[in-house]
Amino acid sequence: NADIAANLGAAVVQVVTARHKSDADVLDSVRIAFDQLGDRRCDVLAAVVNHVPRDRVDPLRTSLREAVDGVAPVYVLPSDPTLEKPTVGE
């Protein structure tokens, strides 16, 4: 996917799940993806980390911003049970 984005000159929004992952695992996932996207000369528009337990949102946001050091904005979305189980009508 990174090669396709690079060939098209498209900016990339990286999405990482925090479900069943430690903060360290999430940080590693974001760092590795930023490194790989950079190696392929992709423009990273932002990173989005979803499914973050509410009590971990602020600490993880702070750690991620320090880890990416301004390369791109980082957004942390808390877990929301209503979004995880949409109904057929939705």
Side-chain angles (χ1 to χ4, degrees):
N1 290 340
D3 290 330
I4 293 169
N7 288 334
L8 294 174
V12 176
V13 175
Q14 176 198 6
V15 179
V16 174
T17 183
R19 183 180 290 157
H20 309 299
K21 291 184 179 178
S22 69
D23 288 359
D25 289 339
V26 172
L27 286 167
D28 285 345
S29 294
V30 171
R31 281 190 200 117
I32 290 167
F34 272 41
D35 287 345
Q36 291 176 344
L37 291 166
D39 289 347
R40 290 180 174 83
R41 298 189 197 319
C42 291
D43 293 323
V44 180
L45 186 62
V48 178
V49 180
N50 59 13
H51 300 289
V52 179
R54 290 193 183 276
D55 63 325
R56 290 175 41 204
V57 169
D58 290 332
L60 185 57
R61 181 183 295 122
T62 300
S63 297
L64 284 165
R65 286 184 178 158
E66 290 171 2
V68 301
D69 195 30
V71 171
V74 178
Y75 302 98
V76 179
L77 305 176
S79 293
D80 186 340
T82 59
L83 295 176
E84 294 178 17
K85 298 176 185 167
T87 64
V88 174
E90 295 174 320

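Only this structure's heavy atoms are used, side chains among them; waters, hydrogens and symmetry mates stay out.
A donor-acceptor distance shorter than 3.5 angstrom exists from the side chain of Asn7 to the backbone of Asp3, with no hydrogens or angles considered.
Residues Tyr75 and Val49 form no side-chain contact, since every pair of their non-hydrogen atoms from C-beta on lies 4.5 Å or further apart. At a threshold of 4.5 Å between non-hydrogen side-chain atoms, the residues Arg19 and Asn50 do not count as touching. For the pair Val12/Asp43, no side-chain contact is recorded, criterion being any heavy-atom separation below 4.5 Å from C-beta on.
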Hey, mind stepping through Arg31 and Asp28 against side-chain contact (heavy atoms from CB on, under 4.5 Å) and telling me if it holds? CA-CA 5 Å; Arg31 281 190 200 117; Asp28 285 345; 3.4 Å; yes

Before giving the answer on side-chain contact (heavy atoms from CB on, under 4.5 Å), spell out for Ile4 and Leu8 the whole-Å C-alpha distance, their side-chain angles and the decisive distance to 0.1 Å. CA-CA 6 Å; Ile4 293 169; Leu8 294 174; 3.8 Å; yes

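Nearest heavy atom pair, residue Ala67 against residue Leu27, reads CB-CD2, 3.9 Å. The two residues Ala2 and Arg40 have their closest heavy-atom pair at CB-CD, 3.4 Å. In terms of heavy-atom proximity, Val26 sits nearest to Lys21 at CG2-CB, 3.9 Å. For the pair Gln14 and Ser29, the tightest heavy-atom approach, listed with the atom from each and the gap, is NE2-O, 3.5 Å. Of all heavy-atom pairs spanning Pro53 and Ser79, the tightest one is N-OG, 3.9 Å.
In this structure, Asp35 places its CG atom where more than 12 heavy-atom neighbours from other residues, nucleotides or ligands lie under 6.0 Å away.
Residue Leu77 forms a side chain to side chain contact (heavy atoms under 4.5 Å, CB included) with just one option from Val48, Val52, Val57, and that option is Val48.
The distance from atom CZ of Phe34 to atom CG of Asp39, rounded to the nearest 0.5 Å, is 13.5 Å. To the nearest 0.5 Å, atoms CG (Leu37) and CD1 (Ile32) are separated by 11.5 Å. Between the CG atom in Leu60 and the CZ atom in Arg65 there is a gap of 10.5 Å [rounded to 0.5 Å].
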